[in-house]
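Counting convention: from 1, in listed order, for ligands and their atoms alike. All values derive from a computational prediction rather than experimental measurement.
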Amino acid sequence: MDVKNQIEHVKQAGVIADGPKRVLVIGASGGYGLASRITAAFGCGAATIGVFFERPAVKNRTASPGWYKSAAFTRAAEDAGLYAANLNGDAFSAELKQATIELIKKDLGQIDMVIYSLAAPARQLPDGSLVRSTLKPIGEPFEGATIDLNSGELRAVSLEPASQQEVNDTIKVMGGEDWELWMAALLAADVLAEGCITTNYTYLGSEVTWPIYYHGTIGKAKEDLDRAALALAQPLKKVNGRAYVAVMKGLMTQAASAIPGMSIYLSLLFKVMKAKGTHEGCIEQTTRLFKNMFVDSALQMDESGRLRMDDWELSDDIQTFVKANWSKVTAENLMEISDFAGYRQAFLQMHGFDFPGVDYEAEIDPEVLMPLAFGE
Ligand code: NAD
């Protein structure tokens with residue numbers, strides 16, 4: 001249902017005639033990556049290759065949400081006559097990069113756009129060791145609150161500052177190094193077409209979340225994306241390519257739901273953006289991004305060369321509301337001053353629940369097959 005709705009949105013937004021025709025999405029099964037893939041396929045008519053790490057159904061245990069979403073996307077793309085191939089495995093590994101290159105050579109020859117939208121809790125290095133990312137403040141402890149999704153109660157969150165090792169590890173997992181490794185491997189294999197574009201997604205957010213996000217461990221990893229985008233300019237000259245970091249809006253995704261304090265911020269944000277008519281989901285964001293890039297040629301860049309898609313989130317009227325209400329939220333007034341109901345619905349829908357018109361009592365077979373070019 002989620003995928004169907006997203007496809008519908010893209011179709012209604014109209015054809016992006018000059019968009020890319022062969023697109024690789026790394027982190028294609030959820031949030032911004034899935035939405036980017038849907039926009040590329042159904043907006044631009046692109047052949048897409050999706051890389052993700054999802055769990056298929058085993059016996060009576062259901063598959064992960066991203067598995068079902070990718071299977072639904074693949075069916076819809078094939079029904080529309082669009083090429084869609086999937087690789088399920090660890091995007092950090094050299095093996096998966098090589099399998100992707102072989103697939104591109106075999107089926108598409110070259111690609112016009114690489115979207116890197118990975119959000120991973122850990123990264124396995126070639127020597128087998130595992131590096132974990134953390135969501136912690138730097139320098140000072142973080143004292144905040146989070147909302148219990150079931151009870152609607154507020155719970156205090158208190159986090160000690162990260163060690164330098166934890167900062168370095170978060171950069172290793174969520175920074176730009178793996179993006180650079182992908183681009184180097186794709187360039188070396190000569191599978192990037194002339195004028196190829198690559199994008200990576202970042203978040204800056206509001207001052208109220210800076211202590212845990214932008215000024216925290218994840219913020220350091222995001223700074224490293226800016227470094228990587230600049231570093232990629234030189235090697236991409238070989239194909240007249242460009243690397244962009246796009247700043248996206250804060251939204252409920254698997255990755256965002258893990259960030260302490262984000263539930264209050266997003267509930268307030270949804271409230272005021274819906275009231276002003278500027279609320280967007282992932283698909284509205286990626287469709288607007290593609291339109292800016294390929295239809296209007298009106299890229300909104302900041303002084304650091306990042307594409308800004310968080311302009312509506314950071315507008316003065318929105319942020320004034322968020323800041324004024326940030327410290328006023330209680331379990332009692334949550335439903336009035338914030339859109340906690342909308343936030344909770346977004347969480348449920350991310351897992352496939354709470355869609356109107358779906359019979360959740362119906363008997364279904366949890367095993368849904370999906371063609372895979374790699375993995376199982
Ligand atoms: P998400 O959790 O919805 O999706 C993450 C994707 O990464 C999934 O497809 C998952 O399968 C894939 N993945 C994770 N580990 C993998 C691995 N080892 N190998 C292969 N695939 C793997 O996340 P999201 O929120 O859409 O985040 C995507 C990017 O967008 C991140 O860089 C994030 O920081 C950024 N972003 C998110 C927000 C937000 O509010 N959600 C805002 C701005 C930017």
Side-chain angles (χ1 to χ4, degrees), residues 2 6 24-38 49-56 63-70 73 86-97 99-100 115-125 130-133 135 170 172-176 178-179 181-182 199-206 209 213-214 216-226 228 245-259 262-263 265-266 269-270 280-283 285-286 289 306-310 313-314 343 346-347 349-351 374-375:
D2 178 27
Q6 293 196 46
L24 167 63
V25 184
I26 302 158
S29 55
Y32 278 116
L34 176 66
S36 305
R37 189 178 192 187
I38 293 173
I49 293 179
V51 172
F52 45 75
F53 211 173
E54 298 295 344
R55 192 190 65 240
S64 54
W67 175 276
Y68 293 119
K69 290 178 199 181
S70 296
F73 167 83
N86 303 302
L87 297 100
N88 189 26
D90 184 7
F92 292 118
S93 70
E95 195 191 1
L96 185 46
K97 291 181 178 75
T100 307
I115 296 163
Y116 190 98
S117 187
L118 215 67
R123 170 177 174 184
Q124 185 159 34
L125 299 179
L130 197 69
V131 183
R132 290 189 187 282
S133 73
L135 291 160
T170 306
K172 193 87 183 159
V173 180
M174 286 297 287
D178 187 56
W179 184 27
L181 289 173
W182 267 98
T199 57
N200 201 322
Y201 294 136
T202 194
Y203 184 62
L204 301 182
S206 161
T209 60
Y213 196 96
Y214 187 47
T217 46
I218 184 72
K220 288 286 168 214
K222 292 302 185 187
E223 268 175 30
D224 192 59
L225 294 186
D226 297 334
V245 170
V247 190
M248 308 304 274
K249 170 186 189 268
L251 275 172
M252 164 56 80
T253 64
Q254 199 81 47
S257 66
I259 302 168
M262 213 56 183
S263 49
Y265 175 71
L266 289 180
L269 188 71
F270 290 3
E280 295 175 296
C282 291
I283 198 67
Q285 278 266 292
T286 55
L289 175 67
R306 292 176 296 220
L307 308 180
R308 299 305 294 252
M309 300 308 298
D310 59 344
E313 170 179 357
L314 294 190
Y343 174 85
F347 181 83
Q349 291 193 339
M350 185 174 75
H351 293 94
F374 180 91

Worksheet, complete the sentence: A student checking ligand 1 against Leu251 at a 4.0 Å heavy-atom cut-off should list atoms 39 (C), 40 (O), 41 (N)

Worksheet item: Would you say ligand 1 has an N or O under 3.5 Å from any N or O of Met174?
Response: no

Worksheet item: Hey, is Thr202 touching ligand 1 through its side chain, its backbone, both or neither, going by heavy atoms under 4.0 Å?
Response: backbone

Worksheet, complete the sentence: If you scan protein heavy atoms around atom 17 (C) of ligand 1, the nearest is Phe53 CD1, 3.5 Å

Worksheet item: Is Arg308 close to Glu313 at the side-chain level, that is, under 4.5 Å between some pair of heavy atoms?
Response: no

Item to complete: Could you list which atoms of ligand 1 come closer than 4.0 Å to a heavy atom of Lys222?
Response: 31 (C), 32 (O), 33 (C), 34 (O)

Worksheet item: If hydrogens are left out, which of Pro121, Gly205, Ala119 has an atom nearest to atom 14 (C) of ligand 1, that is, the closest non-hydrogen atom?
Response: Ala119

Discussion item. I need the minimum non-hydrogen distance between Lys97 and Leu181, along with the two atoms involved.
Written reply: CE-CB, 4.0 Å

Worksheet item: Are any of the N/O atoms in Phe92 less than 3.5 Å from those in ligand 1?
Response: no

Fill in: Polar atom proximity, Tyr32 to ligand 1 (N or O, under 3.5 Å)
yes

Worksheet item: For atom 12 (C) of ligand 1, what's the nearest protein heavy atom and its distance?
Response: Gly27 CA, 3.8 Å

Worksheet item: Under 4.0 Å from ligand 1, counting heavy atoms only, is it the side chain of Ala28, its backbone, both or neither?
Response: backbone

Discussion item. As a check for students: among Pro65, Ser117, Ser36, identify the option with a heavy atom nearest to atom 28 (C) of ligand 1.
Written reply: Ser117

Discussion item. Among residues at least two apart in sequence or on other chains, which ones pass ring-ring contact (aromatic ring centres under 6.0 Å, His included) with Phe73?
Written reply: none

Worksheet, complete the sentence: Sorted by chain and number, sequence neighbours left out, ring-ring contact (aromatic ring centres under 6.0 Å, His included) with Tyr203 holds for Tyr213

Worksheet item: Considering distance alone, does some N or O of Gly31 sit under 3.5 Å from an N or O of ligand 1?
Response: yes

Fill in: Spatial distance of atom CD1 (Ile259) from atom CG (Leu135) [nearest 0.5 Å]
6.0 Å

Discussion item. Does any part of the side chain of Lys249, heavy atoms only, come nearer than 4.5 Å to the side chain of Met309, both counted from C-beta?
Written reply: no

Discussion item. Which heavy atom of Ser117 sits nearest to which heavy atom of Tyr201, and what is that distance?
Written reply: OG-CD1, 3.5 Å

Item to complete: Report yes if some N/O of Glu54 lies less than 3.5 Å from some N/O of ligand 1; otherwise report no.
Response: yes

Item to complete: Do me a favour and list the nearest non-hydrogen protein atom to atom 19 (N) of ligand 1 with residue, atom name and distance?
Response: Ala91 N, 2.8 Å

Worksheet entry | Option with minimal heavy-atom separation from atom 15 (N) of ligand 1, where the choices are Gly66, Ala120, Ser64 | Ala120

Item to complete: Specify the protein heavy atom at minimum distance from atom 42 (C) of ligand 1: its residue, its atom name, and the distance to 0.1 Å.
Response: Lys249 O, 3.2 Å

Discussion item. Need the ligand 1 atom indices (1-based, order shown) with element for anything under 4.0 Å from a heavy-atom of Ser29.
Written reply: 8 (C), 9 (O), 10 (C), 11 (O)

Response to the item:
Of Thr253, Leu266, Asp310, Leu118, the one whose closest heavy atom lies nearest atom 24 (P) of ligand 1 is Thr253

Worksheet, complete the sentence: Exactly one of Asp90, Leu24, Val25, Asn86 clears side-chain contact (heavy atoms from CB on, under 4.5 Å) with Val51, and that residue is Leu24

Worksheet entry | Heavy-atom nearest neighbour in the protein, as seen from atom 30 (O) of ligand 1, with distance rounded to 0.1 Å | Tyr201 CB, 3.4 Å

Worksheet item: Given side chains that start at C-beta, do those of Asp2 and Gln349 come closer than 4.5 Å, heavy atoms only?
Response: no

Discussion item. As an exercise, state the distance from NZ of Lys172 to CG of Leu125, rounded to the nearest 0.5 Å.
Written reply: 6.0 Å

Worksheet entry | Atoms in ligand 1 flagged as close to Gly250, the criterion being non-hydrogen separation under 4.0 Å | 40 (O)

Worksheet item: Can you check whether Tyr116 reaches Leu225 side chain to side chain, under 4.5 Å on heavy atoms?
Response: no

Worksheet item: Is Thr209 close to Tyr214 at the side-chain level, that is, under 4.5 Å between some pair of heavy atoms?
Response: no

Item to complete: Quick one: look up the protein heavy atom nearest atom 18 (N) of ligand 1 and list residue, atom name and how far away it is.
Response: Asp90 OD1, 3.0 Å

Worksheet entry | Heteroatom distance test (Gly89, ligand 1): nitrogen or oxygen, under 3.5 angstrom | yes

Item to complete: Please name the pair of heavy atoms, one in Asp310 and one in Met248, separated by the smallest distance, quoted to 0.1 Å.
Response: CB-O, 3.9 Å

